[in-house]
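We name chains A, B, ... by the order of the sequence lines, and we start the count at 1 in each one.
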Amino acid sequence: MPAKKYYHTPQFGPLSSSKEVYQPCADSYILMDALEEDLPNIRNTAPTICLEIGSGSGIITSHLHWLLSARDANQLHRCSYLACDINPIAAIASQETFTLNQVPCDMILSSFGKSLLPRLHNSVEVILFNPPYVPTCDSELGGTGIEAAWAGGTDGVAVINEFLPIAEEIMAKNGLMYLVLIEQNKPATFIQTACEKYHWEGEIIKKSVCGERLY
Amino acid sequence: MRLLTHNLLCGPKGGYPLRIRVQTLEQLQSEYDEEYVKRLLSKVEWKGLLSAVSDLKSQGYLVDVNLPSEPPSFDCNDPAILRPMHHLLNEIKITNGELECPDTQTIFPVKDGIPRMVFDGETS
């Protein structure tokens, strides 16, 4: 049984506990863990813009900001953070979290951050996405409420696959993208296919066994 | 939505820059960091910033701001030039207003600091 880990969690505003907003749980924490483990690589990229897709409660971007700025004043790296969500309640919840925790992040109500193209063509150094990864019928796709946080279509990768070409366009040449996947998404195959298609390099940083197998 | 973010936003067919109509504006306080401002300037589209400043000035804001027609050179280290850049990009926030796409004339609201960039066919 792994040792219990305590997370530095941001302060949340009232909307973060709304049932319309994705509540942080194991998948959020594994992404936070992965960012912490990969922090040397993130620092090497010296990011100026970090973009989160589907920020929900705002916990992931807040954590990255904490890792890069607030945790260690000697290692402060300033960055501009952008977050997108298609769920208008989540957008407000994220914004509350950023304001409460002084995270210099602007929130945009947008599908996949499309409104940032073509301006941010090859310009974003870090992309964060805890995607909807649950295998569902395709008929469950396309919503903008809480279901958008988990409904992932066939094999749970429909939404992620829709985002990949946008990621390709928006990511800087030596940029980094962090995604959460579950076993049903067939992560190893997914990574191989995406990397072949887009000429990326990819690896699994962190695995966790719990109710879901998370990568 | 800080002016930095406005500088990065496009309309549904890439229309840029978006015209700004301000209802409410807030001034933020953010620590000046020369190295960070220079990195930000490398991402800034100057004509977008000129357009934003012009829109705001025509509505009575940024009275003392005079933006040169050309961006600072990449090796500029002069705080007299970089500090105002920091102020514009990081400390001017449109909390409520509208953004208009110059190509499609679509209006995108800014509500409580969040620009609602929902394109046709996407519901919200």
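In this structure, the portions of B:N7 lying under 4.5 Å from any heavy atom of chain A include both its backbone and its side chain. Only the backbone of A:C79 comes within contact range of chain B, with heavy atoms under 4.5 Å apart. B:V37 does not touch chain A: none of its heavy atoms, backbone or side chain, sits under 4.5 Å away. Heavy atoms of B:E31 lying under 4.5 Å from chain A belong to its backbone as well as its side chain. Heavy-atom distances place both the backbone and the side chain of A:L116 under 4.5 Å from chain B. B:L28 does not touch chain A: none of its heavy atoms, backbone or side chain, sits under 4.5 Å away.
The nearest pair of heavy atoms linking B:R2 to A:Y81 is NH2-O, 4.0 Å. Of all the heavy atoms in A:P118 and B:G14, the pair that sits closest is CD-CA, 3.8 Å. Here the closest heavy-atom approach between residue A:S115 and residue B:M117 is recorded as OG-CE, 3.4 Å.
Sparse packing is recorded around CG of B:D64, with 12 or fewer heavy atoms of other residues, nucleotides or ligands lying under 6.0 Å away. Other residues, nucleotides and ligands contribute at most 12 non-hydrogen atoms within 6.0 Å of the CG atom of B:D120. Residue B:K57 places its NZ atom among more than 12 non-hydrogen atoms of other residues, nucleotides or ligands, all under 6.0 Å distant.
Looking at A:R119, its side chain never comes within 3.5 Å of a backbone N or O of B:P17 through a donor-acceptor pair.
Taking CG of B:L8 as the reference point, atom CG of A:L117 lies at 10.5 Å (rounded to 0.5 Å). Atom CG of B:L9 and atom CG of A:L82 lie 8.5 Å apart (nearest 0.5 Å). Between the CD1 atom of B:I114 and the CG atom of A:L109 there is a distance of 7.5 Å, given to the nearest 0.5 Å.
A heavy-atom distance below 4.5 Å is found between the side chains of A:R78 and B:R39. Looking at A:Q95 and B:D112, their side chains never come closer than 4.5 Å, going by heavy atoms from C-beta outward. Between B:R116 and A:P88, some side-chain heavy-atom pair lies under the 4.5 Å cut-off. Residues A:S80 and B:K43 form no side-chain contact, since every pair of their non-hydrogen atoms from C-beta on lies 4.5 Å or further apart.
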**Asked** Going through the checks in order, is the side chain to side chain contact (heavy atoms under 4.5 Å, CB included) test met by A:I108 and B:M1?
**Response** CA-CA 8 Å; A:I108 305 167; B:M1 179 193 68; over 6 Å; no
